[in-house]
Amino acid sequence: MCDATTPIFHNENKARKFLEQQRWPDGPVCPFCGSPDGIKSAPMADKKGEPVKGWYHCNACRKRFTVRVGTLYERSHIPLHKWLYATYLICSSKKGISANQIHRTLGVTYKSAWFMMHRIREAMLDDDSGPLGGDGKIIEADTTYIGGKEKNKHARKRHSGRGGVGKLVVHTLVERGGRVRSNRIANVSGKSVRPVLVRQASRKSTLMTDTHGSYYHVGKEFARHEMVDHGKDEYVRGQAYTNTAEGFFSILKRGLTGIYQQVSEAHLHRYLAEFDFRYSNRSALGVNDFARALRLLKGIEGKRLTYRRIGETRYA
């Protein structure tokens, strides 16, 4: 059981040992050359001349390193125990947690809290875990629009027209009883939707969608494709429905509206990664809050995000 009183969230030495155990269960491995041999402890001295534990020396490449090197925590002046606590908090908050709350809870500046959260979201990106679905599995595909109501905007920022005019388009694939993957797309068209489907979903799956024209042709490439016609008030027909995707959208929008309130286009893909990660590692699949945080720690390697790169806009 893990909570705010857990020692690794308050003691730097215990936090370091915990992360070392998670990253190097069989002993330290050099992040520069990958060698597990010839690694020895080599404490550094701080400004007061006191030894700082956690430094290692690799005899193979003759470089020094700590457990932070090669991870999203690298070259950060924020204590490691605060990084672990922030990681746990974002994993255990179903609808997310604001940078302002992290700023107050951890006692760091708002700018540091904001940057920490985006670094952690970078580790949540699900780029290499393979396509969703497979033989005998069902995938739901749907789109939604992210953006405030026109009536709540300043008159100069309002858009004329209906639907998604002036809003960001999010496309989501949900594997029933499994993972979810969301992407920011340019528009709802076959040209934008098809690359997402064929790259991120196994075509051995059964595809469930609404009757939007963007799914008509690509649906023929899947083992089976069924559609429900929302325009005729049809929402469930046997196994044909997109209610699972709609349920995910409700969690996503409650978080974006109630917790984060405003999300820019440049950062949307990281917020989507956050909600995808928590949903794909939800309690209904037997993953509790601490286990979810441990899974996130497996993804911190090789995903260092610099302040200069943080504003990059990403499409599917």
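As the structure is a computational prediction, the values presented were derived from the model and not from experiment.
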| Is the centre of the His230 ring less than 6.0 Å from the centre of the Tyr235 ring? |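 Yes, the ring of His230 comes within the 6.0 Å limit of the ring of Tyr235, centre to centre.
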| Does the Glu175 side chain pair with the main chain of Ile139, one donor and one acceptor, at a distance under 3.5 Å? |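 Checking the backbone N and O of Ile139 against the side chain of Glu175, no donor-acceptor pair under 3.5 Å is found.
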| field | Sidechain-backbone polar pair: Ser205 side chain, Leu207 backbone, donor-acceptor under 3.5 Å | value |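 A pair under 3.5 Å: no.
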| Should Phe248 and Glu140 be marked as a side-chain contact (heavy atoms from CB on, under 4.5 Å) after you check the CA-CA gap, both sets of side-chain angles, and the distance that decides it? | CA-CA 11 Å; Phe248 172 77; Glu140 297 179 23; over 6 Å; no
| message | Over 60° means perpendicular and under 30° means parallel, so tell me whether Tyr215 and His171 are parallel, tilted or perpendicular. | response |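 Aromatic pair Tyr215/His171 classed tilted.
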Less than 4.0 angstrom from a charged side-chain N to a carboxylate O is my criterion; do [X] and [Y] meet it?
{"X": "Arg237", "Y": "Glu226", "answer": "yes"}
{"X": "Glu74", "Y": "Arg68", "answer": "no"}
{"X": "Glu274", "Y": "Arg270", "answer": "no"}
{"X": "Arg23", "Y": "Glu20", "answer": "no"}

| Given a cutoff of under 4.5 Å between side-chain heavy atoms of I, L, V, M, F, W and Y, with clusters grown through shared members, what are the other residues clustered with Val52? |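 Once heavy-atom contacts under 4.5 Å are chained together, Val52 belongs with Met44, Trp55.
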| message | For a quick test of reading the model, state the closest non-hydrogen atom pair linking Gly133 to Ser202 and the distance between them. | response |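 Here Gly133 and Ser202 meet closest at C-CB, 4.1 Å.
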Hey, can you pull the donor-acceptor pairs under 3.5 Å for the side chains in residues 80-88, sequence neighbours left out?
unit_1 : atom_1 : unit_2 : atom_2 : d
His81  : ND1    : Glu12  : OE1    : 2.8
Lys82  : NZ     : Leu106 : O      : 2.9
Trp83  : NE1    : Ser76  : OG     : 2.9
Thr87  : OG1    : Tyr73  : OH     : 3.0
Thr87  : OG1    : Trp83  : O      : 2.8
Tyr88  : OH     : Cys2   : O      : 3.0

